[in-house]
Every structure is written in structure tokens, then in C-alpha cells.
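Note that ligands are numbered from 1 as they come in the structure, with each ligand's atoms numbered from 1 the same way.
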Amino acid sequence: MTYVASCKLPTPYAVFTIHGFEEGATGKEHLAITLGDVMTTGDGIEPPLARTHSECLTGDALFSMRCDCGYQLDEALRSIAREGRGILLYLRQEGRGIGLLNKVKAYALQDKGADTVEANAALGFADDLRDYSICKPMLDYLGVASLRLMTNNPRKVASLEALGINIADRVPLEVGRNPHNTHYLSTKAGKLGHLLTTHQDDDVAVVGR
Ligand SMILES: Nc1nc2c(ncn2[C@@H]2O[C@H](COP(=O)(O)OP(=O)(O)OP(=O)(O)O)[C@@H](O)[C@H]2O)c(=O)[nH]1
Ligand SMILES: [Zn+2]
């Protein structure tokens with residue numbers, strides 16, 4: 001992983017700093033978005049609030065309500081801004097690692113009744129192809145050894161801990177449940193192990209971003 005450059009990222013929530021990295025093996029361009037001093041070296045320094053966010057073009061940029069990604073991205077940046085300090089790694093692992101067009105194929109199967117795990121399997125993919133080892137060099141570069149991680153995904157916590165990153169706390173990030181994604185969220189809780197407080201197919205109002 002090679003560090004390339006940093007610049008300001010003004011948003012409605014705060015003026016963040018964006019740091020660009022290039023992954024040697026794949027040429028993929030990953031980002032770290034920081035606010036305040038996130039270094040954790042030294043005595044008595046609180047681990048910063050953090051999120052590792054896997055790319056979801058449809059949810060993050062195109063307002064898709066099929067998943068909860070866009071809502072989580074929004075809430076994670078808002079939470080970091082509220083604390084005045086934190087870090088979001090934006091990882092180019094679209095579609096849990098299968099890529100954008102394979103995700104569109106998986107969505108087409110889901111339109112016909114498959115769930116998210118069955119659709120991946122029908123296309124010949126494991127349910128989650130993500131590799132979190134790319135986080136380590138980015139966090140090392142930024143001097144971050146310890147995090148308070150915003151996630152509902154215990155596999156993500158375990159993967160980061162296995163890399164030697166200290167997860168001081170898991171902060172739930174449950175936002176964006178709506179009639180278009182309740183089944184998807186139920187499948188994540190039931191088959192992928194996500195820790196979601198409500199995962200029955202109940203009727204809820206559409207949540208705006
Ligand atoms: N293959 C596939 N990928 C999906 C689908 N829906 C969302 N994604 C991708 O899943 C990734 C997000 O995964 P999630 O499981 O929602 O979130 P997570 O990051 O593992 O867990 P949290 O930290 O709790 O959000 C993004 O890369 C999305 O593009 C789907 O139906 N099929
Ligand atoms: Zn998504």
C-alpha cells in the first residue's frame with residue numbers, strides 16, 4: 001500500500017481531510033477520511049471513533065434503499081463530526097468484494113426471490129470476499145493502533161483484531177431500515193451474523209438521508 005496524497009474534504013458536517021492510498025497488488029485506490037488528531041501513540045489518548053466502510057456505489061452515491069450502506073456512511077461521518085475526531089476508511093471492495101456488475105447480477109437474482117447469500121452462491125461466489133488486511137498499512141501510516149469501531153458486523157471486528165488492531169469498543173451503527181431493505185437486513189442478521197436489534201420483517205417508515 002502506497003500513500004499518495006492528502007487534501008481537504010469540506011462536507012456539510014465538517015471539513016475532513018482525505019488521504020489517498022494505492023494498493024500495490026491490485027492498483028485499487030483506497031481512502032482514509034480523518035478529522036482532528038487521530039494518532040493513538042502516547043499516554044492517555046482515547047482511541048478515535050472509526051468506521052471501515054466497504055464501497056457501495058448504489059447506496060453511497062445513488063441513494064439506493066436496497067441496503068443500509070448510504071445511511072451508515074452518512075451517520076458515520078456525522079458521528080465523527082459530532083466528536084470532532086475520528087477516521088473513516090473507504091475501502092474499494094464493492095459488493096462485499098465481487099464488484100459492481102456482479103452485484104447488479106446478484107440484485108437481479110434477488111429481484112426474483114433469492115436472498116443476498118443465495119444470490120452470491122448462484123453466481124459462484126462465497127458470501128463475503130472482503131480482505132481487511134488493506135486497513136493495516138493505512139492505519140499504520142496514520143498512527144492509529146486502537147479504534148472504537150462503528151459496525152454491526154462481528155466478522156469485521158474479528159478480522160481487524162487478527163491484524164493486530166485493537167478494537168477498544170464496538171459502536172452499533174443501525175440506521176436506514178426501510179421497506180426496501182428489511183429482508184436484506186434480516187438475511188444479514190440471520191445468515192451473516194450481523195448484530196441488529198430488530199431483524200423481523202416489520203413495517204417501518206422510510207428513513208430519509
Ligand atoms: N454481493 C452483494 N454485496 C452487497 C449486497 N448488498 C450490499 N452489498 C455490499 O456489501 C458491502 C457492505 O456490507 P454490509 O454487510 O452492509 O456491511 P458491513 O460493512 O459488513 O457491516 P457494517 O459495518 O455493520 O455495515 C458493500 O460493499 C456493498 O456494496 C448484496 O446484495 N450482494
Ligand atoms: Zn449497499
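What sits closest to atom 10 (O) of ligand 1 on the protein, heavy atoms only, is R96 CG, 3.1 Å. Of the protein's non-hydrogen atoms, the one nearest atom 26 (C) of ligand 1 is E55 O, 3.3 Å. At the top of the distance list for atom 15 (O) of ligand 1, counting protein heavy atoms only, stands H194 NE2, 3.2 Å. Annotation: atom 30 (C) of ligand 1 to nearest protein heavy atom, T116 OG1, 3.1 Å. N152 N, 2.8 Å is the protein heavy atom nearest to atom 24 (O) of ligand 1. Protein heavy atom nearest atom 22 (P) of ligand 1, with residue, atom name and distance: T151 OG1, 3.4 Å. Distance from atom 1 (N) of ligand 1 to its nearest protein heavy atom, with residue and atom name: N120 OD1, 3.0 Å.
Relative ring orientation between F21 and Y141 is described as perpendicular, the plane-to-plane angle rising above 60° on a 0-90° scale split at 30° and 60°.
Looking only at atom types and distance, the side chain of T182 has no donor-acceptor partner in the side chain of R177 under 3.5 Å away. S133 and D131 form a side-chain donor-acceptor contact under 3.5 Å, judged by distance and modelled atom types alone. Side chain to side chain, T197 and E174 meet the donor-acceptor criterion of an N or O pair below 3.5 Å.
Each of the following atoms of ligand 1 lies closer than 4.0 Å to a heavy atom of D68: 16 (O). Atoms of ligand 1 lying under 4.0 Å from any heavy atom of I98, numbered from 1 in the order shown and given with element: 1 (N). Contact atoms of ligand 1 toward R51: 19 (O), 22 (P), 23 (O), 25 (O) (distance under 4.0 Å to a heavy atom of the residue). Close approach of ligand 1 to Q93 (heavy-atom distance below 4.0 Å) involves ligand atoms 27 (O). Atom numbering of ligand 1 starts at 1 in the shown order; those under 4.0 Å from a heavy atom of N153 are 18 (P), 20 (O), 21 (O), 24 (O).
Distances shorter than 4.0 angstrom occur between a heavy atom of Y184 and an atom of ligand 1. The closest approach between any non-hydrogen atom of R155 and ligand 1 is not below 4.0 Å. Residue L173 places every heavy atom at 4.0 Å or more from ligand 1.
In this comparison of K103, E174, R130, K156, the heavy atom closest to atom 12 (C) of ligand 1 sits on R130. Scanning G176, G95, P172 for the heavy atom closest to atom 2 (C) of ligand 1 points to G95. Taking each of K105, R170, Q72 in turn, the one with a heavy atom nearest to atom 25 (O) of ligand 1 proves to be Q72.
With respect to the salt-bridge test (charged N to carboxylate O, under 4.0 angstrom), the residues R148 and E83 qualify. Comment: K28 does not engage E22 in a salt bridge, judged by the lack of any side-chain N to carboxylate O separation of less than 4.0 angstrom.
The cationic group of R66 does not satisfy the cation-pi geometry with Y184, failing either the under 6.0 Å distance to the six-membered ring centre or the 45° limit from the ring axis.
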For the pair R155 and D127, evaluate salt bridge (charged side-chain N to carboxylate O under 4.0 Å, His left out) and give the outcome as yes or no after the intermediate values. CA-CA 12 Å; R155 287 192 202 184; D127 52 24; 3.4 Å; yes
When you look at K8 and T17, which way does the side chain to side chain donor-acceptor pair (under 3.5 Å) test go after all the steps? CA-CA 5 Å; K8 285 183 183 171; T17 304; over 6 Å; no
Stepwise side chain to side chain donor-acceptor pair (under 3.5 Å) test for T116 and R96: CA-CA 11 Å; T116 183; R96 297 199 297 271; 2.9 Å; yes
Using the rule given for side chain to side chain donor-acceptor pair (under 3.5 Å), can you reason through E23 versus H30, listing the C-alpha separation, both sets of side-chain angles and the distance that settles it, and then say yes or no? CA-CA 7 Å; E23 189 182 342; H30 304 285; 2.6 Å; yes
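Of the inter-residue distances, the one linking L89 atom CG with L142 atom CG reads 8.0 Å to the nearest 0.5 angstrom.
For the pair A119 and A106, the tightest heavy-atom approach, listed with the atom from each and the gap, is CB-O, 3.5 Å. When all heavy atoms of L57 and K103 are compared, the closest pair comes out as N-NZ, 4.2 Å.
In summary, of the residues considered (T40, N166, T41), a side chain to side chain donor-acceptor pair (under 3.5 Å) with S146 occurs for N166 alone.
Contacts of K188 with ligand 1, taken as heavy-atom pairs under 4.0 Å, involve the side chain alone.
Residues L49 and L195 do not share a hydrophobic cluster, clusters being chains of Ile/Leu/Val/Met/Phe/Trp/Tyr side chains in contact below 4.5 Å.
Backbone and side-chain nitrogen or oxygen atoms of T52 are examined, and none is located within less than 3.5 angstrom of a nitrogen or oxygen of ligand 1.
The Zn ion (ligand 2) has C56 SG, C67 SG, C69 SG as protein N, O or S atoms under 2.8 Å away.
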